[in-house]
Structures are given as C-alpha cells and as structure tokens.
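Since the structure comes first, as structure tokens, the remarks are kept for the end.
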Amino acid sequence: MGTYILKRLLAMIPTLIIISVVVFILIQLPPGDIISASLASLQQQGMEVSTEQIAALRAQYNLDLPMPMQYLHWILNFVQGDMGYSIKYEQPVNTLIWERLGYTIIIAVASLLFTWVLAIPIGVYSAVKQYSVGDYLFTVIGLLGLATPSFMLALILMYCAYTWFGISVGGLFSPEYADSDWSFARFVDLLNHIWIPMIVLGTAGTASIMRVMRANLLDELGKPYVVTARAKGVRPLKLIFKYPVRIAINPFISTIGWLLPTLISGEAIVSIVLNLPTTGPLLLQALLSQDMFLAGSFLMLLSILTVFGMLLSDILLAAVDPRIRYE
Amino acid sequence: MSDHPLYEDLSTRRLTWLRFKRHKLALMSGGFLIFIYLIAIFCEFFAPYEPNWRNPKAIFAPPQEFHFFEANGNFQFRPFVYGYTLRINPETWVREYTEDTSQKHPIYFFSKGQKYQFWNLFTARHHFITTAKGQYLHIFGTDKLGRDIFSRIVYGARISLSLGLIGVVLTLVLGVLIGGLAGYLGGRTDNLIQRLIEVLQSIPTLPLWMALSAAVPVHWSPLGVYFSIIVILSFIQWTGLARVVRGRFLALREEDFVIAARLLGASQLRIITRHLLPSFMSHIITTATLAIPGMILAETALSFLGVGLRAPVVSWGVLLQQAQNFQVIVLTPWLLIPGIFVILVVIAFNLLGDGLRDAADPYGGHQL
Amino acid sequence: MSTSTILSIRNLSISFKNEISEQLAVNNINLDMKRSQTTAIVGESGSGKSVTAYAMMQLIQPPGKITSGEIIFSPAQQDSFDILQLNDNSPALYDLRGGLMSMIFQEPMTALSPVHTIGNQIMEAILTHQAIPKQAAFDLAAAMLERVGIQNSRERMHQYPFEFSGGMRQRVMIAMALVCQPQILICDEPTTALDVTIQAEILALLKELKATIDISVLFITHDLAVVAQIADQVIVMNQGRILETGSVRQILNDPIHPYSQGLIAAVPGMKRQPRLDAISNDSTRHNYGVHPLIAIKGDREVALPMPLIPAEYQL
C-alpha cells in the first residue's frame, strides 16, 4: 500500500507540471495585459504616464521577460508559496485566496456528502424495486435535478427560503458574523447558510449518481455470485447490501476524484448567484480583468485540489477492492 | 409460441426499433425534440416579433392570458388578449400592469404581421401567430426593454439548439478521432493522449471554460463568438468521449469475434468497418445524445456569467442572464420562462438517450 | 422400488417472456429423484435442465415464471412439502436454500463474490443456518475446506477468490455447498468450465464425497461421459421436455428415443462411427416434440409419438 501511494504521488508530478503550463497559457491567452488595461483607464482619466514608468511597472511584474522566463518565474515563486500580487485588488494573492479556497472546499465536501447520503440509498431502492412507482418518481425528480441549470435552482431555492421561512439566504454568514472571529455561534450561522449551496450543488450530482447506481446495481444483481448467495439462503436485504451494493459502490469511490472538479465548477456559478465568499466570483473577476497572478493561482490551486482528490479516491478504491490492492 | 416471429429471426435494426418503441417516454421525447427543432429552424415564422423589437407600451409586462369570453361573458371563437394598463405603485416604484378590458387584441394565425427576412433569403410577412397592426401579443410577457419574451425564446432556440448539435458533432469528431487513435496505435501515443486527457480533466471545467471564453476578444462578431464558444465547449467535452472510445476500442480489439475475423484473414479496413464500428455506433450515438444537453446547459451557464454569448445574439443563456438575482423571481418571474425550455429540452434529450441506449444494447433483453 | 423418492416434480412448466413472444423453457415435466442416488439430467443448452434445477430452490427470477406444477420434497425426518407453495418470505424457504438443499454452479470464476474472502463466504453459509459462535463456524469452514482437498485451509480462509485457480474455486464452491450438510446437492454443470484434468479431479472428489456422505445428488450436464461416471438415474431433456428416463445402463446401452440415440452417437469413443452426425433440432421440435405420448416399461419412461413407441412399452 505504501509503495502504491508513493508511486501515485510521483506520477502526479509530471501531470502537475503539464497543468501548470496549460494554466499559464490560459491566463496569457486574452489579448493585452492588465498593465495596458489599467493604463487605458488611467489615460481616460487624463493622467499622463511616461514610457519609463510603464517599463518599470512591466519589469516589476516580469512582464518584460520572454514567455518561458515569465513562466519559470511564476511557477518557481508559486512552488515556494509566493503567488504574486493581485494588481486589481492591490493585495498579495496569498491574503486573498486562502479563506475563499477554504470555503470552496467546505462547500464541495458538504455537497459530496449530501450527494452520497441521498443518491446511494435512492439508487439501491430504484434498482431493487425496478419499474415501481417509487422508481419512476425518483427518476422524474432526478431528471428534473439534472436538467435544471444550477443558477436557476439556486434562485428558486432562495425564493422559497425567503417566502416560506422569511430568511434571506445570500452569503455564507449573517452580517453580524461576517467579520467576527470563529465561535460556536458563528459556526451555527454557517450551518444556517451552507445548506442552500449544498442542496443546489448536490442536486445535479445526486441525480446522476442515483441513475448510475441504479444501472450498476441492476448489472450486479444479475451476476452469478448473487445467485450463489441466494442459493445459500441469505435473506434478501442482507444479500443486497452485502454483495451487489458493496460491489456497485466501488466505481463511485473512484468518481470522488472526478466529482470534485464538477462540484468546484458548479460552486463557481452558484456562488456568484448566492453571493458566497468563495473562489468562484473572485476567479471570474480576475479572469475578466486579466489579473493574471490571481487567476493563475486560483486555476492552479483548484487543479491541484482535483489531482489530490483523484489520488485520494484511488487510494480509497484500493482500500476497499482487494483486486486492486493485490495488483 | 409459433404464432410470433421468433426472436432470433429478426434483424438487429428491427429489434432495436422494436425495443425503442417500447420506451414510450423516449418516443415522446424524440417527437418533442423534432417539434422544437422545427420551430428553431423556422423561428422567423413562428415568432410574432423580431427578437430585438421593443414595445414601448410594455416594459417588464407580465404574460397575457388567452381569452375566449369577453368581460361581459360573450363567447367568441377567435381567442384574444387584453392590452395592458400601466400603473406605477407610488410606494414601491414598481410597475404594475393590469388587463385593460377595453382594449381587445384578437389573435390571428397564419396571417400578416411584422416584416422579416426569412433565412436572409427573402422578405415575408406571414406569422404563425400574430395580432392586428398597432395591437400586441406577449404570451410570455416582456423584458426590461419591452422585448417579447416568447419571440426571443423562439429565436434563442435556433442559437441554443444548433450550438448543442454542432458542438456535439465537433466533440464526436475530436473524441472518436483522438480516442480511436490512442486505442488503435497504443503504446507511446496512447500514453501521451491519456496524460493530456488527464490534465484537461483535472482542471475544473467551468473555470477552464471561463478562462477560455474570457480570452475571446470583445470586438469579435457575434458569429465569431458563437463559433468560438462551440469550439471551447467541445474542446473540453471531447476528453470524456475519447476515454470511452479508447476503452471500447481496446476491449473490442481483444473480443473473440474480432480475433476470429482477423484469423479468417479479414482486412484491417473490413474489421474496422464491419466489426468495430457497428459495435461502437450505438454507443457513440447514445453518448452524443446524452452530451447535447450538457452543451446546452454549459452555454446557458457561460452566457449567464457573461462570458458566453453576448447581446445582440439571442440564446436561452443570454435570456436567462436577466434573471441574475432573486428579486427577479419576486417581481418578474416570467423572465425565468426560458429556463423551463432549457429544462424540457435537456430532459427530452436524456430520455431519448436512455431509450436509445436500452434499445441498442443487444444484451438488454432481460429487462424488457 | 427399492429406495424412496426424495423429490418429485409434477407437471412443472416454466415460461420466459420477452417483448415479442413467450417461450416455454420447461414444458409440463414430471420427474423423481431417488434418495441417496445421483440423478443426472442430460440435455443441450436451452433444454430447460438448469431452469428445472433453479425452480427446485425457487431461484427463478423475472422474466422467468413458474406457470404450473408442484415440486414435492420429502427430506429425512421431516414431513414432505411442496417447495413451490413456499412464500417468498417464508422461513422454510430460507431453511431450504443452502440448508436442506444446496447448489454448485458452472462458473466458479464468477459464482463467488470478488470482494469477500473465501472464509467469509463459507462462514456466511454456516451462520445463516446455524446459531453457533463465529469461531466455531470458522473451524467448521476450515475443516470443510480440508475435506475438499484444500491444504493450509486456515490461511486460505483469508484469501480472495482471485487468488485461487479455477479448480480450487470449484472446490471452495463444493465446500460451501456441503458445509451445512444438505440432503440434496444440485450440481449445475460443475465441470463444464474447467480443464479436462481438473474436471476429472472434481468428479473424483464428488464421487468420493458421495461415497462418504449420505446425500442425493442432481447432476446437470450435457456431457454423457460425465454421466457414465457419476449417475445412477438419467433423464434426457430437450426443448423443455423430458424425452426419456431410465437407469444409466439402460440409457447408455439401449437408448430408445432417437434423440438419445443421436446424443450417444455424438460422443466420440462411446460408439464407433465414421462421422459424427449433427442432431437436428428441427426434427426434435417437429417430429417427436409435438404430441408425444409417455410409454412406460418397468422404471423406464420415454416420450415419443405413437408410431415410434416400441411394442413392449405400455402407454
């Protein structure tokens, strides 16, 4: 197991290097850079900026270097934990990014749990009671969840929460807790707010995982080992959970890794609608204003998160499936 | 038992069709999609107004109701709507529209209305549904500029639906080509492609889309933006398909029937066209059908964020951009109607894809 | 009759429905299994032999359906009862499955769960039917593994099926089936998926076990060579019908039914023939499958159309 994890960790390094190149190219893609953009606005306000000043500014952000050198500067600093300076927010990227990333992870993990807790029992039920009324009902709800754009779902839920419970649910905290230190009351306040993004993000995932679970389980139910267990006299409920469910769940463990990028993607858009202090809204702003250090750091960190998520799911899979463990 | 044609006597295609026909929902979805694509193709005819035409008398106006009975209870066969009276609420400054029973706007089908350029080919005036000159009809209400939502949905269908279709074709070409290549050549190429796919998949999709579409120059023409969005969406989506195709390719290469064909001396081309492709096709068609709604939803999301299609292009995502916050739902809920169409189309594609998958699976018989 | 009947099937019909047609997999069959003997059902794929065995433990699942008939089981020291009358949830059914009757399958590769240890799966069979401590169940399972010829059984209990070879897995299956001392063992083509040498080993093991345990065996196979080695009674099935029953000697040396004759002629080495004939399915379906009559002589039965019935048989 130890060597397996080590091998996987080593294999991640080239992947991460290629990702960093792709991310760097991505943030360089928009024509012009933030200096020219902010210059244009300065000049519109009637300010004179000398060519020396521009050159000095460019040199300060290494924008005068050739591309490969810019990349090297950026990635070497990044590895050392220096993510550069956000020109738009006039703050080091480090101070802007960590708290938001933390909330993104909290929301993503909460949604993941929500998805699993809901989707797997429903999937099992739908497979075992195939073509029953409940099966059809869940299929319909699942389809609706799959088909509704997440921002619409967020809006509708906000509306429902507002009209039925009279609470406004934007943000992650009530105003009085927004800037206070961590306390139990603040934590409760967080719980009061986090359920909407959790449901919104979890719904699409629930819908698809439920359907996959149903299909997987239906496949497994026909396997000979199920007949063997039935022939042994194992009671139906125990049989289903001990054998086919156990095996049908395995592929899901490997999907944790793939679910994370989806959740982070979904989180971006939901956060914008719900006005959450997570990575999504800031990333969008950074991309639109070509704040390359900020955008690059976000993309890079989210990708690293995903790569680790995949590693985690592979390790989990190896832990539950002896066939992989012994390979 | 001998009254029925024996199961094994039927051709694969006929069997597939028989199984598909049993999926009533898939069949209905197929019908619905054909219907809505027809509307998208002939949207100039089906929409009563041009998408950017403004009705100054109706800004943020709610949907009008169809009536068959006049206020005094007289029935008339031709449906009609009432015009609006506008009152601005002095306390909240909100526009409040009420039906003005003195203004009756009868609805005409297949008659002349606003002039339009059909497919940029010729000028026409006939609309599927319209009112007399000077009168107006807003089935789904209007937006902040007084534009007719129904007409905009109909025009938006052309953009959103074609985008899904073209995007999927592009995805398919990329995915099948690259995935097939990886599966066919194997070895180093396969490794390289695998790694590339892994990298692309580990960057969260939406931020990647956002980054890519933020790179589309602002000054590009709407058509340029339209195609670049398609390219961007396909650029990400092909990876999933390529993985599947590669996997199937590798698995199929080892299948006994393929080995048998090879041992019988069948040529490479014959093996690919007679054995590999048919075993693939059903799978690919299904995957494609299930990928279209993903494209449509992605366009909606990008346009909603303002990094997708931009006005004056009308797509369902652009329409939903007006529904940014939840005051919209409270004050002007009809701005969310385009979302209902998104949901319906996505569900229909999913059901159709499910039906196709079940029908194409030669081993799926036990479920039926 | 010298021995009593442990299980008798009367008028059993099983049908499978698909979207186009309904097929009778088992068509109104009658058969008797004698206590402490090995009864073999011989037939080609699709003849209904496995489906019959599955019906005996109520293991048939939709789209398959038992449309009529009864299966009377008379276990030792118990009243006889009709298995098909047992409710889906009745405790008696679960006692029957794996307790009074157990089954080994054709594919030892897939018949065991890949993610549970061998020990876990054998112990489950014990713990389902007996209220004994886990440690006792473990000892019992390990002893049973030794019994079927698996060495180091205590270590091997902790291994997974994929660490065993095909023959070993079949031994595990046999151990699992016998560990609760059932009265009937159903072997559904237990050697078909194995190499010829392994087949011989497994058959030898089954014979040896049969000699030491008092058990009635229903052996399903398409291989007459296997039948010759192991069976006491033979039932020939085709197209969901029983064509002929009799002792192994009678069937192998003196088959009456043309289908049985063809079946025996098709086995190389059993009767010398210059060329193997294919047994025509059409002829079975149309000539002697349609309106057969049952003819009996002693304990032999054969189903044939009127003109083909030998003179010494009674209808």
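First the proteins, then the strands, lettered A, B, ... as listed; each starts at 1.
For K242(A), the parts lying under 4.5 angstrom from a heavy atom of chain C are both the backbone and the side chain. Both the backbone and the side chain of Q121(C) come within contact range of chain A, with heavy atoms under 4.5 Å apart. For P236(A), the parts lying near chain C are the backbone and the side chain together; criterion is any non-hydrogen pair under 4.5 Å. Using a 4.5 Å cut-off between heavy atoms, L59(C) touches chain A through backbone and side chain atoms alike.
Cation-pi check for R97(C) over Y94(C) is met; the charged atom lies under 6.0 angstrom from the ring centroid and within 45 degrees of its normal.
Listed for the Q199(C) side chain is a donor-acceptor partner under 3.5 Å among the backbone atoms of T191(C). The closest donor-acceptor contact from the side chain of T278(A) to the backbone of T104(A) lies at 3.5 Å or more, if one exists at all.
Across H116(C), M103(C), M173(C), the residue that shares the most heavy-atom pairs under 4.5 angstrom with chain A is H116(C). With chain A as partner, the option from H129(C), E107(C), E124(C) having the largest number of non-hydrogen pairs under 4.5 angstrom is E124(C).
Within a 6.0 Å radius of CZ in F16(C), more than 12 heavy atoms belonging to other residues, nucleotides or ligands are found. Summarising the local packing, CG of L237(A) is surrounded by 12 or fewer heavy atoms from other residues, nucleotides or ligands at distances under 6.0 Å. Heavy-atom contacts from other residues, nucleotides or ligands closer than 6.0 Å to CD of Q181(C) number 12 or fewer. When the shell of 6.0 Å around CG of N87(C) is examined, it contains more than 12 heavy atoms from other residues, nucleotides or ligands.
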Side chain to side chain donor-acceptor pair (under 3.5 Å) between Q135(C) and D139(C): does it pass, once the steps are laid out?
CA-CA 6 Å; Q135(C) 188 54 47; D139(C) 295 338; 3.3 Å; yes
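Contacts between residues 224-232 of chain A and chain C, defined by a heavy-atom separation under 4.5 Å, are made by P224(A), Y225(A), V227(A), T228(A), R230(A), A231(A), K232(A).
A salt bridge is absent between K49(C) and D188(C): the closest approach of a Lys/Arg side-chain nitrogen to an acidic carboxylate oxygen does not fall below 4.0 angstrom.
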